[in-house]
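Order of appearance sets the numbers: ligands from 1, and atoms from 1 within every ligand.
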Amino acid sequence: MESPDWVPNGIDVTVPNAARMYDYALGGYHNFAVDREFVERAEKAIPGATLVAHMNRAFLGRAVRWLAGQGIRQFLDIGSGIPTLGNVHEIALAAAPDARVMYVDLDPVAVAHSRAILAGQPRVGVLEADVRKPQSITDHPDVTELLDFSEPVAVLLVAVLHFVPDDDDPAGILGWLRDAMVGGSYIVLSHGAPVPELGGEVDTLKKLYKQTPTPLHLRSSEQIAHLLSGLDVVEPGIVPISEWHPDPNDGDPAPHQALLAAAGRTR
Ligand code: SAM
């Protein structure tokens, strides 16, 4: 069968992939049967997993609006995913027409589709890069051309760091990003956390993710606090995504607390 024209060359359509699974969970169509099957199995393992993807997207939107309200005009969205509903540049530009947004993802489908929908947008850029090599992002000419690191920047790491194992030094990655930015910048994240009341279901989910190129590395609130060391974590602290500056329009709270959110301000 021929691949649709949005599929970049060399994509393995037989292995589920985090960007495409998330796209399916959000109702997008840049995904394959293998991704859809994975999401159905994940939903069976943890009923509400798909809803949590929507809650995470809502958190991302609230975070961007909140950051714009703090005067932030530059956004570096790492692990940005396949553009779907409520993309960062749409929210940022609606809140502040002078905002600039750089999207970064490792996934070629996410990057290709981002490039396609953003062509001709002067205030928005796209880079294919790996968060595990943060210097390759902050030093990249496409990034330094769009973003001015002598002014505050918000780095968004939303639902991505749980794909980074301890061996890749996530604290070092955050330390690099923190030190690349001036005071008054932000790092905002959401991160998968172990949920004691789900117990065995989380093990099933972790087993499922082991079949993908991005196994899950869940971290507790204390471990996330450690990742944010050297930053001032702003109110309300490290909390379940639906409790981070909640907006009644976002609907019911997440069915479980599997994703934690936080924002840290640079000194
Ligand atoms: N941040 C978006 C959001 O929250 O709506 C998308 C989150 S999606 C669950 C995770 C994204 O992280 C995927 O697009 C995946 O390709 C990307 N990703 C995973 N590992 C990465 C890495 N090492 N470097 C950059 N992006 C990565």
Practice prompt. If the plane angle is over 60° it's perpendicular, under 30° parallel, otherwise tilted; pick one for H245 and W66.
Written response: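 Correct class here is tilted.
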Worksheet item: Should the ring pair H162 and H191 be called parallel, tilted or perpendicular, given that the plane angle runs from 0 to 90° and is split at 30 and 60?
Response: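 Correct class here is perpendicular.
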Worksheet item: Which ring pair (Phe, Tyr, Trp, His ring centres under 6.0 Å) pairs, counting each pair once, include a residue from residues 114-150, with sequence neighbours left out?
Response: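 Sorted result for residues 114-150: empty, none.
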Worksheet item: Going from CD1 on I78 to CG on D105, what distance comes out if it is rounded to the nearest 0.5 angstrom?
Response: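 If I round to the nearest 0.5 Å, the distance is 10.0 Å.
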Worksheet entry | Gap between atom CG of D23 and atom CZ of F32 - 0.5 Å precision |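 Nearest 0.5 Å value for the CZ-CG distance: 10.0 Å.
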Discussion item. Assess whether a salt bridge exists between R62 and D247, defined as any Lys/Arg side-chain N lying under 4.0 Å from an Asp/Glu carboxylate O.
Written reply: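 So R62 does not pair with D247 through a salt bridge.
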Between the protein and ligand 1, are there any N or O atom pairs that come within less than 3.5 Å of each other, and if so, what are their names and distances?
unit_1: ligand 1; atom_1: 1 (N); unit_2: G79; atom_2: O; d: 2.7
unit_1: ligand 1; atom_1: 1 (N); unit_2: V158; atom_2: O; d: 2.8
unit_1: ligand 1; atom_1: 4 (O); unit_2: Y22; atom_2: OH; d: 3.4
unit_1: ligand 1; atom_1: 4 (O); unit_2: N56; atom_2: ND2; d: 2.9
unit_1: ligand 1; atom_1: 4 (O); unit_2: V158; atom_2: O; d: 3.3
unit_1: ligand 1; atom_1: 5 (O); unit_2: Y22; atom_2: OH; d: 2.7
unit_1: ligand 1; atom_1: 5 (O); unit_2: R57; atom_2: NH1; d: 2.7
unit_1: ligand 1; atom_1: 14 (O); unit_2: D105; atom_2: OD1; d: 3.4
unit_1: ligand 1; atom_1: 14 (O); unit_2: D105; atom_2: OD2; d: 2.7
unit_1: ligand 1; atom_1: 16 (O); unit_2: D105; atom_2: OD1; d: 2.6
unit_1: ligand 1; atom_1: 23 (N); unit_2: D130; atom_2: OD1; d: 2.8
unit_1: ligand 1; atom_1: 24 (N); unit_2: V131; atom_2: N; d: 2.9
unit_1: ligand 1; atom_1: 26 (N); unit_2: L106; atom_2: N; d: 3.4

